[in-house]
Structures are given as structure tokens and as C-alpha cells.
**Student:** 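Please read through the structure below; I'll follow up with questions.
As a basis for the values below, the full set of heavy atoms in this structure was taken, side chains included, without hydrogen atoms, waters or symmetry mates. Read the numbers this way: they start at 1 and go in the same order the structure lists the ligands and their atoms. Note that the coordinates shown come from a computational prediction; the quantities given were computed from them, not determined experimentally.
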Amino acid sequence: MGFFNWAAPLIRRFGDRFTADDADAIGRWIRPAVEPGGHVLDVGGGAGQLASLLAAALHARVTVLDPTPEMLAHVQASEHVVAVGGVAEDMPFDDDAFDAIVVSDAFHHFRDQKTAVAEFRRVVRPGGLVLVLELDPRPFVMRLIVIGEKLLGEPGAFMTPQQMCAFMAEHGIAGECEPLAKADYRFLGRVEKDRPAA
Ligand SMILES: C[S@@+](CC[C@H](N)C(=O)[O-])C[C@H]1O[C@@H](n2cnc3c(N)ncnc32)[C@H](O)[C@@H]1O
């Protein structure tokens with residue numbers, strides 16, 4: 001996690017990437033599973049900017065899970081936003097604890113993506129939603145970012161939208177991938193626990 005330790009101030013400085021409109025859109029995507037007062041988990045939620053906006057947009061509680069103390073230190077904790085240290089692959093939460101999970105620009109950093117998805121299935125209640133916001137590694141500018149992250153010691157395991165959908169379905173979360181602006185795309189899937197995971 002060394003990269004995020006030293007990069008945290010930079011990410012925090014330049015990382016206010018979400019507007020209230022972004023959070024409204026993200027909130028609409030997961031709203032079918034999140035009633036007011038519901039509980040959302042932001043995995044790899046970093047400094048918690050999205051968590052704060054989402055908590056306001058959804059009138060829900062949002063827990064930020066992140067292994068980097070330097071990122072978590074910036075979370076504006078409140079009655080509705082809680083910061084918890086930990087990794088996606090081994091979450092310190094009960095089964096079925098959340099109505100939805102959001103993962104923004106973090107999935108490619110998970111060292112064991114298969115175990116992380118198994119944890120998503122475990123901590124999200126049946127019928128809950130998993131939203132992953134990722135970057136498609138194919139456009140030229142993204143290839144430069146992939147190389148840059150490798151050089152900085154944080155090689156990401158990026159997936160194309162097609163690979164993401166196939167990977168999630170294979171590990172028990174069926175859903176759909178849709179392109180967003182620039183190289184961003186979203187995966188949105190529902191957790192059905194009566195179907196066996198791979
Ligand atoms: C580029 S930042 C994204 C932060 C925030 N989600 C956003 O969209 O601004 C990636 C985050 O993933 C976190 N991360 C890295 N490995 C992780 C893991 N195994 N489990 C959970 N989070 C992880 C890092 O600490 C970092 O805060």
C-alpha cells in the first residue's frame with residue numbers, strides 16, 4: 001500500500017472529482033436497493049468525498065472501507081459517514097450488512113479480485129446491488145496511465161467492460177456494463193444468493 005501512503009496528499013489535493021450531480025446519478029443507479037436510512041459500503045473509498053455526497057443524495061449511511069490511513073484521515077466522519085480500515089479481500093463486516101456496494105477507481109488496485117468479489121457477495125444482502133466504476137484500459141491515454149501506475153509501483157489489474165462483466169458473472173454477480181464519459185464505464189450487478197458462486 002506504499003503508493004497510496006505517499007500519494008494520499010496528492011490524490012486528496014486533486015481528487016475532488018465528484019460533484020453533487022455525479023453523486024445524484026450514482027445514487028439513482030443504486031437507489032432500487034437503498035431506501036432512505038439504508039446502508040452503503042464504499043470499498044476503496046479513499047478520502048470519502050463520494051461517500052459524503054452519496055450519503056446526502058440517498059439519505060443513507062455510507063461506510064468507507066480503505067486500507068490507507070493517510071486517505072481515511074480525510075474522511076469527514078458524521079452520523080451518516082463512517083471510516084473503517086481494511087481491505088476488500090477481508091472485510092470486517094457481518095454477512096448481509098449492506099444494501100449496496102460502490103467501488104470507484106479502486107477495483108483494479110485489489111490484489112485478489114476474486115476474493116474481493118466473494119466478499120462483495122457475502123456482505124451485501126440478497127437482492128442488493130454492486131456498482132463498480134472503472135477505467136477501460138484500451139484507449140491510448142489509458143495505456144499511458146497503466147504504464148505510469150506500473151512505474152510508480154502500483155500496477156493495476158484493469159479489465160475491459162466485457163472482461164469485467166464476464167468476471168463478475170463467473171464469480172456470482174450477474175450484471176451489465178455501460179460506457180460513461182471518457183474511458184470510464186460502470187458495472188452494475190445484483191447479488192442473488194440462491195445462485196452458487198464459482
Ligand atoms: C485511486 S484511489 C480511489 C479513491 C476513491 N474511491 C475515488 O474514487 O476517488 C484508490 C483507493 O483504493 C484503495 N485500495 C487499494 N487497495 C485496496 C484494497 N485491497 N482494498 C480496498 N481498498 C484498496 C487505496 O487505498 C485508495 O484509497
**Student:** Are the side chain of Gln76 and the backbone of Ser52 linked by a donor-acceptor contact shorter than 3.5 Å?
**Tutor:**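 Not at all, since once roles are kept as given, no pair shorter than 3.5 Å links the two residues.
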**Student:** Grouping I, L, V, M, F, W and Y whenever their side-chain heavy atoms are under 4.5 Å apart, do Val62 and Val82 come out in a common cluster?
**Tutor:**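 The answer is no; the residues belong to distinct hydrophobic clusters.
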**Student:** Within ligand 1, which atoms have a heavy atom of Gly46 less than 4.0 Å away?
**Tutor:**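 Counting from 1, the qualifying ligand atoms are 27 (O).
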**Student:** Using a 4.0 Å cut-off to any heavy atom of Phe110, which atoms of ligand 1 qualify?
**Tutor:**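 It comes down to these atoms of ligand 1: 17 (C), 18 (C), 19 (N), 20 (N), 21 (C), 22 (N), 23 (C).
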**Student:** Are any of the side-chain heavy atoms of Asp99 and Arg125 separated by less than 4.5 Å?
**Tutor:** yes
**Student:** Near Ala106, which atoms of ligand 1 are under 4.0 Å from a heavy atom of that residue?
**Tutor:**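 Numbered from 1, ligand 1 contributes 12 (O).
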**Student:** Which part of Gln49 is near ligand 1, with near meaning a heavy atom under 4.0 Å away: side chain, backbone, both or neither?
**Tutor:** neither
**Student:** Pair Asp22, Leu53 - check side chain to side chain contact (heavy atoms under 4.5 Å, CB included), show working.
**Tutor:** CA-CA 9 Å; Asp22 295 331; Leu53 293 170; over 6 Å; no
**Student:** Val43 to ligand 1: N or O pair under 3.5 Å?
**Tutor:** no
**Student:** Strictly distance-based, threshold 3.5 Å: is any side-chain N or O of Arg186 a donor or acceptor partner for the main-chain N or O of Leu133?
**Tutor:** no
**Student:** Under a 4.0 angstrom heavy-atom cut-off, which atoms of ligand 1 come close to Val87?
**Tutor:** 19 (N), 20 (N)
**Student:** Would you say that Phe158 contacts Leu135 through its side chain, given a criterion of any heavy-atom pair below 4.5 Å between the two side chains?
**Tutor:** yes
**Student:** Looking only at N/O atoms, are Ser104 and ligand 1 under 3.5 Å apart anywhere?
**Tutor:** yes
**Student:** Within the 4.0 Å heavy-atom shell around Thr68, which atoms of ligand 1 are there?
**Tutor:** 24 (C), 25 (O)
**Student:** I'd like the name of whichever of Ala88, Ala47, Gly48 reaches closest to atom 20 (N) of ligand 1 through any heavy atom.
**Tutor:**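 Nearest heavy atom to atom 20 (N) of ligand 1 lies in Ala88.
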**Student:** Quick check on contacts: which atoms of ligand 1 are under 4.0 angstrom from a heavy atom of Met71?
**Tutor:** 27 (O)
**Student:** Going by heavy atoms, is Asp105 under 4.0 Å from ligand 1?
**Tutor:** yes
**Student:** Among Asp95, Asp94, Asp90, which one satisfies salt bridge (Lys or Arg N to Asp or Glu O under 4.0 Å) with Arg122?
**Tutor:**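 Among Asp95, Asp94, Asp90, the one meeting salt bridge (Lys or Arg N to Asp or Glu O under 4.0 Å) with Arg122 is Asp95.
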